[in-house]
Amino acid sequence: MSRTNRRALTHPVTEEIDLLDVLHALSDPTRMTIVRTLAAEPERACGTFPVDVAPSTLSHHFKVLRESGLIRQREEVNRRMSMLRADDLQARFPGLLATVLAAWDRTAGPVSP
């Protein structure tokens, strides 16, 4: 599919970010690795995350994260850039992201960017 035929990326506004959607998105280890990586690095190209999944599976994980409000994505020439919506999440659910990331680090160990 050419870039001109791609649908525009949609992101929920801060007030529409739903706690259950966020918790569902954070329940998957691959998605947690993506979120943890973005917490350490402000922006990253989609194909550069330290995960071992097929490209189609990775696309699905990004879609879940984006639609839940955890990440924002933008197109840049021939790649898609992702960033964590930490400020939006803090405004909507104070302390949630920091608590989940701390728990993840205690159980899984920090992710190297």
Side-chain angles (χ1 to χ4, degrees):
M1 180 185 310
S2 76
R3 285 183 358 104
T4 56
N5 292 336
R6 281 189 182 175
R7 289 187 218 164
L9 297 173
T10 58
H11 305 86
V13 296
T14 303
E15 298 76 26
E16 293 177 355
I17 297 174
D18 181 78
L19 180 59
L20 294 179
D21 291 341
V22 170
L23 293 175
H24 167 73
L26 294 172
S27 69
D28 181 89
T30 298
R31 292 192 291 265
M32 274 302 304
T33 299
I34 293 167
V35 169
R36 187 68 191 103
T37 302
L38 288 172
E41 187 174 328
E43 189 173 43
R44 194 167 178 139
C46 289
T48 65
F49 286 83
V51 295
D52 188 24
V53 296
S56 60
T57 302
L58 188 57
S59 292
H60 167 74
H61 287 305
F62 282 120
K63 180 181 178 185
V64 171
L65 290 167
R66 186 180 65 250
E67 290 180 351
S68 73
L70 278 159
I71 66 170
R72 181 169 304 282
Q73 292 185 304
R74 66 181 178 82
E75 300 286 339
E76 183 180 277
V77 187
N78 63 345
R79 60 188 180 170
R80 185 171 286 174
M81 303 299 291
S82 298
M83 62 220 71
L84 187 62
R85 294 179 63 183
D87 292 342
D88 292 337
L89 291 162
Q90 180 62 20
R92 184 79 169 120
F93 308 111
L96 176 68
L97 187 59
T99 300
V100 170
L101 290 174
W104 176 259
D105 286 347
R106 280 193 305 275
T107 59
V111 173
S112 301

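Atom set for the values below is all heavy atoms of this structure, side chains included, hydrogens, waters and symmetry mates excluded.
- Residues passing the side chain to side chain contact (heavy atoms under 4.5 Å, CB included) test with M83 are E43, R72, R74, sequence neighbours excluded.
- Considering every non-hydrogen atom in both I17 and P12, the closest pair reads CG1-CG, 4.2 Å.
- Under the salt bridge (charged side-chain N to carboxylate O under 4.0 Å, His left out) criterion, R66 pairs with no residue, sequence neighbours left out.
- The side chain to side chain contact (heavy atoms under 4.5 Å, CB included) test applied to A39 returns R36, L84, L101, not counting sequence neighbours.
- Between C46 and L58, the shortest heavy-atom contact is O-CD2, 3.5 Å.
- Qualifying side chain to side chain contact (heavy atoms under 4.5 Å, CB included) partners for L19, counting only residues two or more places apart in sequence or in other chains: L23, F93, L96.
- M81 is not connected to F49 by any chain of hydrophobic side-chain contacts under 4.5 Å among Ile, Leu, Val, Met, Phe, Trp and Tyr, and they are in different clusters.
- The side chain to side chain donor-acceptor pair (under 3.5 Å) analysis of residues 12-29, with sequence neighbours excluded, yields the pairs T14-D88.
- Proximity of H11 to I71: side-chain heavy atoms (C-beta onward) are nowhere separated by under 4.5 Å.
- Considering only residues two or more places apart in sequence or on other chains, T48 meets the side chain to side chain contact (heavy atoms under 4.5 Å, CB included) condition with R44, A45.
- Under the side-chain hydrogen bond (donor to acceptor under 3.5 Å, both in side chains) criterion, S82 pairs with Q73, not counting sequence neighbours.
- Under the 4.5 Å side-chain heavy-atom criterion for grouping Ile, Leu, Val, Met, Phe, Trp and Tyr, L9 is not connected to I34 through any hydrophobic cluster.
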From CA spacing to verdict: side chain to side chain contact (heavy atoms under 4.5 Å, CB included), L70, V64: CA-CA 9 Å; L70 278 159; V64 171; over 6 Å; no

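- Residue pairs meeting the side chain to side chain donor-acceptor pair (under 3.5 Å) criterion with at least one partner in residues 56-65, sequence neighbours excluded, are R31-H61.
- In this structure, the side chains of L97 and V35 come closer than 4.5 Å at one or more pairs of heavy atoms.
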Please report the C-alpha distance between W104 and T33 in whole Å, then the side-chain angles of each, then the deciding distance to 0.1 Å, and finally whether the side chain to side chain contact (heavy atoms under 4.5 Å, CB included) criterion is met. CA-CA 9 Å; W104 176 259; T33 299; 4.1 Å; yes

